[in-house]
There are 2 protein chains.
Amino acid sequence: MQETTSTTREPSPRRETILDVAERLVQLRGFNGFSYADIADELHITTASLHYHFPGKAALGEALIDRYSRRFADELRAIDADAEGAHAKLAAYADLYARVLTDRRMCLCGMLAAEYETLPDVMQRAVTSFFEHNEDWLARVLLEGRKQGELHVAGSTRELARAVISALEGGLLISRPFGERARFEAVARRLVAALVA
Amino acid sequence: MQETTSTTREPSPRRETILDVAERLVQLRGFNGFSYADIADELHITTASLHYHFPGKAALGEALIDRYSRRFADELRAIDADAEGAHAKLAAYADLYARVLTDRRMCLCGMLAAEYETLPDVMQRAVTSFFEHNEDWLARVLLEGRKQGELHVAGSTRELARAVISALEGGLLISRPFGERARFEAVARRLVAALVA
DNA sequence: GTCTATAGGCAGATAGAC
DNA sequence: GTCTATCTGCCTATAGAC
């Protein structure tokens, strides 16, 4: 039986490889800091070929955020399945960010948040959506932690969720120029510990 | 008596105006998100004229960070002179960041931290220097607060200083796409309160 | 200080052959 | 799917007149 009705594009291997390269470039240099030529050179193809897979840079950018968000959501589900208790979940969440730093990368959506003003509309919407979903997940974890008496959260859990995301994204942002993952981890530990004391 | 021996360039009015426009553009769109033409259009001059004031984009960028850092240092001195006690100083420090958000701007050096990988060497050095000076100032405030018994800071004050900067820069980064200053202020209050409890 | 004119390169993108 | 060839536009930058 042939698959013909899928609304989301079939994930061809080539397409995925292109996204892999583009993702790394955006995380390192930003959406305005790389070009189709950079990807083409690395894959030993031409920019015309890239336009076959993604009609324009905006479409490529949107696909990047969608895939990144989907993967992030998968990781959050994995944390829900594996980690027990709010403290463990928050530690696992912070660890997601620490792992982003591999190869000096920034969080894709943190990078795009900086460039937000210059992004095509479709990408702007996808970026805010990423943060809102993170907020939702965190707020739920915090609320459950409070219900269980595990956390002493005063006031709005949503506001606290925003603070956690801000702190972790900022930790990545500031640590990266100094090039040491240990620096981020020390900061992240303090931030999470202080916020959800 | 004529001034001829100053090593730092005389601040001509034109030069300052150019820096004003460039500064806003970088804070809004990033260093890779604006061009000489953008500045020239706004000032109704040509890009050739800009090259008279700044030989290249790297020199302009360096001048931007230098001026921004000098102003920031001035503000820190003003806080030292006006605010009494560590809590008041930290609140004033956080307020510096809140004021940056005017017109949806990002902190200049926070923006450049995102683009760090793509920046000319002179700019990279200037950016890290900005954060180090902020760290120094904050670490001193935290240390004095602890000595006075005003703050209960466990462990390294330098590490905590880094956490504060990360949290505030991250707050700006994430709040900006949502366009509400109140959002940042709520997050910043929580972050500072939690960190220096 | 500002201009005109122009260079040389790179950007994102398209048409059409294979 | 990938190519060659090409386009248009923008980018940083420079020479030289005023």
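Letters A, B, ... are given to chains in the order of the sequence lines, protein chains preceding strands, and every chain is numbered from 1.
Listed by chain and residue number, A/R158 satisfy the salt bridge (Lys or Arg N to Asp or Glu O under 4.0 Å) test with A/D136 (two or more places apart in sequence, or in another chain). Take A/D74 and apply the salt bridge (Lys or Arg N to Asp or Glu O under 4.0 Å) test, not counting sequence neighbours, and it matches A/R77. Not a single salt bridge (Lys or Arg N to Asp or Glu O under 4.0 Å) links B/D66 to another residue, sequence neighbours left out. With sequence neighbours excluded, the residues forming a side chain to side chain donor-acceptor pair (under 3.5 Å) with A/E16 are A/R67, listed by chain and number. Every ring-ring contact (aromatic ring centres under 6.0 Å, His included) that A/Y93 has, sequence neighbours left out, goes to A/Y97, A/W137. Scored by the ring-ring contact (aromatic ring centres under 6.0 Å, His included) test, A/F130 finds A/Y68, A/F72 as partners (sequence neighbours excluded). With sequence neighbours excluded, no residue satisfies salt bridge (Lys or Arg N to Asp or Glu O under 4.0 Å) with A/K57.
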Would you tabulate the side-chain donor-acceptor contacts of residues 99-112 of chain B under 3.5 Å, counting partners in other chains and residues two or more places apart, or write 'none'?
from	atom 1	to	atom 2	distance (Å)
B/R99	NE	B/D95	OD2	3.3
B/T102	OG1	B/R99	O	2.7
B/T102	OG1	B/R181	NH2	3.0
B/R105	NH1	B/Q27	OE1	3.1

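First and last contacts of DNA chain C with chain A, using any nucleotide atom under 4.0 Å from a protein heavy atom and ordered 5' to 3', fall at C/dA11 to C/dA15.
Only A/H44, listed by number, bring a heavy atom of residues 18-44 of chain A to less than 4.0 angstrom from any atom of DNA chain D.
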Please tabulate the protein-to-nucleotide N/O contacts below 3.5 Å involving nucleotides 5-8 of chain D, giving atom names and distances.
none

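Screening residues 182-196 of chain B for salt bridge (charged side-chain N to carboxylate O under 4.0 Å, His left out), with sequence neighbours left out, gives A/E135-B/R183, A/E159-B/R190.
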